[in-house]
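As structure tokens, the structure follows; a few thoughts come after it.
So that the names make sense, note that chain A is the first sequence line, chain B the second, and so on, each numbered from 1. The analysis underlying the following values was restricted to heavy atoms, covering all of them including side chains, and did not include hydrogens, waters or symmetry mates.
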There are 2 protein chains.
Amino acid sequence: MTPYAPGLNLSPIMSFLDHIRACNNGDPSRYRPFLIGGRRVGFLRPAFAELLRSFPDIFQVGTDRVTLSPDLSGPDERSAAVADVGRRLVAAGILPKPRGESLRVAEGWGAPTLMVLERKFISYFGVAAYGVHVNGFVRTARGLSLWIGTRAQDKDVAPGKLDNMIAGGLPAGLGLMDNLVKEAGEEADVPQALARTARPAGIVSYVMEDEGGLKPDTLFVYDLEVPEDFTPRNTDGETAFFTLMDVSEVARRVRDSRDFKFNVTLVITDFLIRHGLLSPETEPDYAEIACGLRRSLPAR
Amino acid sequence: MTPYAPGLNLSPIMSFLDHIRACNNGDPSRYRPFLIGGRRVGFLRPAFAELLRSFPDIFQVGTDRVTLSPDLSGPDERSAAVADVGRRLVAAGILPKPRGESLRVAEGWGAPTLMVLERKFISYFGVAAYGVHVNGFVRTARGLSLWIGTRAQDKDVAPGKLDNMIAGGLPAGLGLMDNLVKEAGEEADVPQALARTARPAGIVSYVMEDEGGLKPDTLFVYDLEVPEDFTPRNTDGETAFFTLMDVSEVARRVRDSRDFKFNVTLVITDFLIRHGLLSPETEPDYAEIACGLRRSLPAR
């Protein structure tokens, strides 16, 4: 029960809001909603929507929305039809080569699966993707420290950048905790029993734009307290090495540099807020930061 | 380091989302933005905006916005001019009787004060209000318990409803922690030294509508762990009594009843999420709930 010492003493170079804005460069109003069975599941760039007029049996392309044909009656039939269109658009050089990993398409987390879609195509269809990020931390006499990974130089996305101890996308069909335990083992050599003590602590969401289109991402955030004598060790080659950093050092580098992977800055900002390490009395943007960490899309 | 047992075992009657929706019945698109010095500080109901045409020296009333006269050069002059209009509208039976308590009007938390406004008028001008809510909790061998207050029967707002251990609006000119310490003493007889161990843990925000107009509220959320032998005791007559409740009982009553004051349901839902007591694996609306706890207004 030590009195709360408001905030960390940081000299501002950048703002936490700068990182939030960088992750929210997508503007859904410039896209056409994509519907399946009357439910909005994505957003299409108008130029990509127009291309889909070549497949009138599969897509009903309007100027205000694109609807998957209601003749496709269930998830399997829809997935197969869209995968077939995908193959033709890959052959035509319009869509990128698939990775062979499918994501669930639904109206929201917890809503029924309407179809599955190749991961490499999701931004073209503006379909929401989900991930799991785990803040691995140690409680020491001097305060909290975080285990921070440095991403391997050969990663496609953000090579060499700093990352959470454990993080990964959610493939279709694998539960959150099962995914967390699997990634914890591969990425940081965390024993199963320890990984299962991770606690869900909320979400972080943002809407980016990439070369394909809109990328609405939702990250399920977990905190995992590890003992002082535990050291993470990468086993899958995705992380070059791990460093144990004081939370004040982490906060400084998150805010004032681009050393961290873009979306990890948001996960750690959320950690700082939840653990009382940012203060509304010393951080003028506190309310805007807290709101900015969770961006939701218009319902229709 | 016990394995995480996903979620509490609750049989659903209502949804956490029902309470979030009830607090978000306000639709800013049906209001006219209210600007001071080019900055959006509020929202006016069109009928109220039209009334302000009677004061052309003070308000420039347009069909798409209402602007405070730029001839009013600083916070003091603006506050005095609007207070004078307020007195006339109270005399005309249009505005309610003032309480004699002023709130800061600004573009956002941490932005410079543009004027102050009587608390009873704020929804007519759609100006954001801020509050402090403190989750008072005890860590026991069986898990977390929360100290829950029952509001006095003679309260104007939500008499007899359940409430956080400490909660209050933020008057102009008092800092967050100073306000928290003052309210903690008056509402729950918390010693200063204990009150100062409260940790900021984020915000909850929502946009309601009342008889006056729009009410955008931001609540700064704090967690205060109290020792098992501490018992809160009300000293200002605002709380009838306090009860120590298991967190699972609190969760059940928050979700499945209207026993709690409307906005306290959101503060406690946020507590459940932050402490890992709701699981994204068992709560299908998890992402929507987490996003719904923080609603922000359009910037202009």
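When all heavy atoms of A/Ile203 and B/Cys291 are compared, the pair lying nearest together is CD1-SG, 3.6 Å. In this structure, A/Pro280 and B/Tyr222 approach most closely via the heavy-atom pair CG-OH, 3.6 Å. Of all the heavy atoms in B/Leu278 and A/Pro200, the pair that sits closest is O-CG, 3.6 Å.
In this structure, the separation between CZ on A/Arg199 and CZ on B/Arg274 is 15.0 Å, given to the nearest 0.5 Å. Taken from OG in A/Ser279 to CZ in B/Phe220, the straight-line distance is 9.5 Å, to the nearest 0.5 Å.
In this structure, the side chain of B/Glu281 does not engage the main chain of A/Gly175 through any donor-acceptor pair within 3.5 Å. The backbone N or O of B/Gly202 sits less than 3.5 Å from a side-chain atom of A/Tyr286, completing a donor-acceptor pair. A side-chain donor-acceptor contact under 3.5 Å links B/Arg294 to the backbone of A/Ala290.
Heavy-atom pairs under 4.5 Å with chain A peak, among B/Ser205, B/Gly292, B/Pro284, at B/Pro284.
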